[in-house]
K.L.:
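For reference, the structure I am asking about is given below.
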Amino acid sequence: MTTIINSKNPATIEDISNFEKIINGNLPSDYKDFLMKYNGGQPQPNSFGFFSDRNDESMVDQFLSLGREKHSNLLSYYENYKDRIPSDFIPIAHDAGGNLIIMELKSNSNRIYFWDHELEADEDEGEIPNMENVYYINQSFTKFINDLYLFEEK
């Protein structure tokens, strides 16, 4: 069972609605519920693996929030990364290394992915963000939270 610590003041329906207008999309209900209950924070346990050809794992350092926080502000992250991550995605968390956990916002999918900043498209070279540095994690936000586990050294 995942616990969220260091959460922020709960987001309001108005906060969420304003963010949805900015991103021109709808957040899934389970993620809205998370924002209205925790509005960010740090999960315990916090580790996750990948359902792809990537054979390592990572950890959620911080879930982003709708607020004024400098290092975990959902709107700031969205504005800073919207041209660096594939379209139809928003950042929802980051790991300690500057990589993002992103959510797909297509109408029938709210899958969770890992965005590796070390392998991102190079704008200076004319590359367009694509899925080459994006790795599938889970089928929904709720499942992602529920599947987090305690990292164990091997």
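Basis for what follows: all heavy atoms, side chains included, without hydrogens, waters or symmetry-related copies. Bear in mind the structure is a predicted one, so any value in this text is a computation, not a measurement.
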K.L.:
With side chains defined as the heavy atoms from C-beta onward, is the minimum distance between N110 and E104 less than 4.5 Å?
P.N.:
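No, too far: nothing below the 4.5 Å cut-off.
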K.L.:
Any heavy-atom pair between the side chains of K37 and I4 that's under 4.5 Å?
P.N.:
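Of all side-chain heavy-atom pairs linking K37 with I4, none is under 4.5 Å.
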K.L.:
Heavy atoms only: give me the nearest I101-I112 pair and the separation to one decimal.
P.N.:
CG2-CG2, 3.4 Å
K.L.:
Could you walk me through whether M59 and Q42 pass the side chain to side chain contact (heavy atoms under 4.5 Å, CB included) test, one step at a time?
P.N.:
CA-CA 10 Å; M59 299 177 196; Q42 298 168 302; over 6 Å; no
K.L.:
Heavy-atom count check: over 12 atoms from other residues, nucleotides or ligands less than 6.0 Å from E132 CD?
P.N.:
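12 or below, so no.
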K.L.:
Among residues at least two apart in sequence or on other chains, which ones pass salt bridge (charged side-chain N to carboxylate O under 4.0 Å, His left out) with K143?
P.N.:
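By the salt bridge (charged side-chain N to carboxylate O under 4.0 Å, His left out) rule, K143 matches D147.
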K.L.:
Indicate yes or no: at least one non-hydrogen side-chain atom of N39 is less than 4.5 angstrom from one of L66.
P.N.:
yes
K.L.:
Would you indicate whether N18, at its atom CG, is surrounded by more than 12 heavy atoms from other residues, nucleotides or ligands within a distance under 6.0 Å?
P.N.:
yes
K.L.:
Residues in salt bridge (charged side-chain N to carboxylate O under 4.0 Å, His left out) with E120, at least two apart?
P.N.:
R84
K.L.:
Under 4.5 Å between any side-chain heavy atoms of I85 and P91, yes or no?
P.N.:
yes
K.L.:
Are H117 and L100 side-chain neighbours, meaning at least one heavy-atom pair lies under 4.5 Å?
P.N.:
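SC-SC contact between H117 and L100 ruled out.
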K.L.:
Which label fits Y81 and Y77: parallel for a plane angle under 30°, tilted from 30 to 60°, or perpendicular past 60°?
P.N.:
parallel
K.L.:
For the ring pair Y113 and F89, is the centre-to-centre distance below 6.0 Å?
P.N.:
yes
K.L.:
Take the angle between the ring planes of Y136 and F51 and call it parallel below 30°, perpendicular above 60°, tilted in between.
P.N.:
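Y136 vs F51 ring planes: tilted.
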K.L.:
Going by side-chain contact (heavy atoms from CB on, under 4.5 Å), name the residues that satisfy it together with S17, two or more places apart in sequence or in a different chain.
P.N.:
K21
K.L.:
Could you tell me if the ring centre of Y149 sits under 6.0 Å from that of F48?
P.N.:
no
K.L.:
Going by distance alone, is a donor N or O of one side chain under 3.5 Å from an acceptor N or O of the other, for T142 and D30?
P.N.:
yes
K.L.:
For A93 and V60, work out which heavy atoms get closest and say how close.
P.N.:
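Looking at all heavy atoms of both residues, the closest pair is CB-CG1, 4.0 Å.
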K.L.:
Given the rule in the side chain to side chain contact (heavy atoms under 4.5 Å, CB included) test, do I13 and M36 qualify, once you have shown the distances and angles that lead to the verdict?
P.N.:
CA-CA 8 Å; I13 302 260; M36 289 188 291; 3.7 Å; yes
K.L.:
Step by step, would you call S58 with D95 a side chain to side chain donor-acceptor pair (under 3.5 Å)?
P.N.:
CA-CA 7 Å; S58 187; D95 73 1; 3.0 Å; yes
K.L.:
Side-chain contact test, heavy atoms from C-beta onward, threshold under 4.5 Å: evaluate it for P10 versus Y38 and give yes or no.
P.N.:
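No, their side chains stay 4.5 Å or more apart.
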K.L.:
If you define the side chain from C-beta out and look only at heavy atoms, does anything of V134 sit under 4.5 Å from I102?
P.N.:
yes
K.L.:
If the plane angle is over 60° it's perpendicular, under 30° parallel, otherwise tilted; pick one for Y31 and F34.
P.N.:
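Parallel, since the angle between the ring planes stays under 30°.
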